[in-house]
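Quick notes on the structure that follows.
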Protein chains: 2
Amino acid sequence: MGETPKHTLSSESLGGLRLTKQRQVVYEVLVDEKRDHPTASEVFERAKDKMPSISLATVYNCLETLTQVGAIKQVNLDREASRYCPNLNPHAHFYCTECDGVVDIQLAPEHCAESPWALPAGTQLKEIDVTMKGVCPDCQANSKQN
Amino acid sequence: MGETPKHTLSSESLGGLRLTKQRQVVYEVLVDEKRDHPTASEVFERAKDKMPSISLATVYNCLETLTQVGAIKQVNLDREASRYCPNLNPHAHFYCTECDGVVDIQLAPEHCAESPWALPAGTQLKEIDVTMKGVCPDCQANSKQN
DNA sequence: CTAGGTGCAAAAGGTTTGCGGTTAA
DNA sequence: TTAACCGCAAACCTTTTGCACCTAG
């Protein structure tokens with residue numbers, strides 16, 4: 001809530017890497033639009049609206065770079081194409097198996113920092129990844145009225 | 001613990017599908033050996049010891065079938081090759097970023113049935129997938145003595 | 001000016017599929 | 001006997017890479 005939005009890229013936020021038009025466009029797609037966790041191909045389609053000359057390989061490169069510098073997060077669901085999101089707060093993902101939609105689920109504060117599960121002694125924990133699957137409210141409503 | 005092992009395949013445990021030699025071999029590899037969450041290629045290598053004529057495509061098909069009937073679980077970590085495990089109890093996975101090893105983490109009973117996180121009202125939850133990443137005790141010990 | 005980034009096309013890696021021959025029930 | 005399954009090879013999809021050209025700093 002009290003976070004600084006600052007959804008703007010700069011050479012410093014990129015860790016000294018170049019602020020190119022392509023990187024800006026890719027980042028804008030992620031923060032400006034529906035924030036629906038698009039895949040690389042979807043980012044590519046939307047990016048072409050802003051910059052018709054951009055290539056898919058560059059979109060992949062930019063997404064990789066932005067992930068590396070911590071500006072965005074890569075979200076992997078099973079073997080499907082990776083999706084990308086600009087929400088840097090610790091959060092889980094809910095995946096609707098009907099509409100393929102993905103939404104962020106805010107984690108309770110006590111689950112952000114450490115694992116609520118018993119890890120072997122001496123384990124160094126870096127990251128917890130939580131994905132939930134099911135049917136979203138909209139799809140449930142739709143399936144009932146058929 | 002108090003579970004029924006019965007790590008044997010039958011036509012009924014396959015939901016009426018055929019009990020073929022290939023399916024048995026693939027399943028045996030998963031339950032007999034190190035239980036180290038092998039990939040399809042690794043299952044293929046080990047399966048060839050028991051049945052030299054088996055093909056990789058068949059291993060993929062068998063793993064798919066066994067997953068479908070609920071005899072094994074597919075474990076996906078990022079974009080790497082899928083791994084497979086015969087542990088049907090609800091559990092999380094810990095992935096060591098040093099040695100690529102994967103171990104099962106038993107979930108606390110209160111986290112097995114429902115999400116400890118707030119989902120939108122009307123959401124039907126089917127499955128929670130928890131993956132932790134970090135460095136396992138062994139790899140931490142090894143990296144200290146260099 | 002020049003190291004780093006882009007665009008293209010080709011390749012890689014994992015997985016799936018079509019098809020003719022084989023086999024469990 | 002015969003529908004289901006296997007083995008092979010080719011296709012598929014997502015992602016990565018090599019290389020010549022381009023551009024931000």
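In what follows, every chain begins at residue 1, and chains take the letters A, B, ... in the order their sequences are listed.
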Any side-chain N or O of A:S82 less than 4.0 Å from the OP1 or OP2 oxygen of D:dT15? yes
Taking only N and O in the side chain of A:Y60, is any of them less than 4.0 Å away from OP1 or OP2 of D:dT15? yes
Examine D:dT14: is either OP1 or OP2 under 4.0 Å from a nitrogen or oxygen in the side chain of A:R79? Give yes or no. no
Does D:dG7 have OP1 or OP2 sitting under 4.0 Å from an N or O in the side chain of B:Q22? yes
At less than 3.5 Å, do the side-chain atoms of B:R18 and the base atoms of C:dA25 form a donor-acceptor pair? no
From the set D:dT14, C:dC8, D:dG7, return the single nucleotide nearest to any side-chain atom of A:A81. D:dT14
Rounded to the nearest angstrom, tell me the gap between atom CZ in A:R23 and atom C1' in D:dT23. 12 Å
Quick note, A:S11 side chain, CB onward, closest among C:dG7, D:dG25, D:dC5 is D:dG25
Does B:L119 belong to the same Ile/Leu/Val/Met/Phe/Trp/Tyr cluster as A:L77, with side-chain heavy atoms less than 4.5 Å apart forming each link? no
Using a heavy-atom cut-off of under 4.0 Å over every strand shown, decide if A:S53 touches base, sugar-phosphate, or nothing. sugar-phosphate
Earlier contact from the 5' end, DNA chain C, for A:A57 and B:Q74: A:A57
Any A:T20 side-chain nitrogen or oxygen under 4.0 Å from OP1 or OP2 of D:dA24: no
Consider the side chain of A:L56, meaning its heavy atoms from C-beta on, and name the nucleotide among C:dT15, D:dT15, D:dC6 that approaches it most closely. D:dT15
B:S11 and B:R18: side-chain donor and acceptor closer than 3.5 Å? no
If you compare all heavy atoms of B:D104 against all heavy atoms of B:N87, which two are closest, and at what distance to 0.1 Å? OD2-ND2, 2.7 Å
Whole-Å distance between D:dC13 C1' and A:R83 CZ? 15 Å
Contact under 4.0 Å: A:S41 side-chain N or O vs D:dT14 OP1/OP2: no
Between CD of B:Q68 and P of D:dA4 the distance, given in whole Å, is 16 Å
We want to know whether B:Y95 and B:D100 form a side-chain donor-acceptor pair, criterion being a heavy-atom distance below 3.5 angstrom. yes
How many whole angstroms separate atom CG of B:N61 from atom C1' of D:dA9? 14 Å
Taking CD from B:E80 and C1' from C:dG13, how many angstroms apart are they, rounded to a whole number? 12 Å
Measure the distance from CG on A:D78 to P on C:dT16 and round it to the nearest whole Å. 11 Å
Look at B:S55 and D:dG7 and indicate whether a side-chain polar atom (N or O) is within less than 4.0 Å of OP1 or OP2. yes
The answer to which of A:C62 and B:T39 contacts DNA chain C further toward the 5' end, by nearest nucleotide, is A:C62
Find the distance A:E42:CD to D:dT15:P and express it as a whole number of Å. 11 Å
For A:H93 and A:D129, does a side-chain donor sit closer than 3.5 Å to a side-chain acceptor? no
Taking atom C1' of D:dG25 as reference, at what distance in whole Å does atom CD of A:Q24 sit? 14 Å
Assess the side chains of B:K126 and A:T97: does a donor N or O sit below 3.5 Å from an acceptor N or O? yes
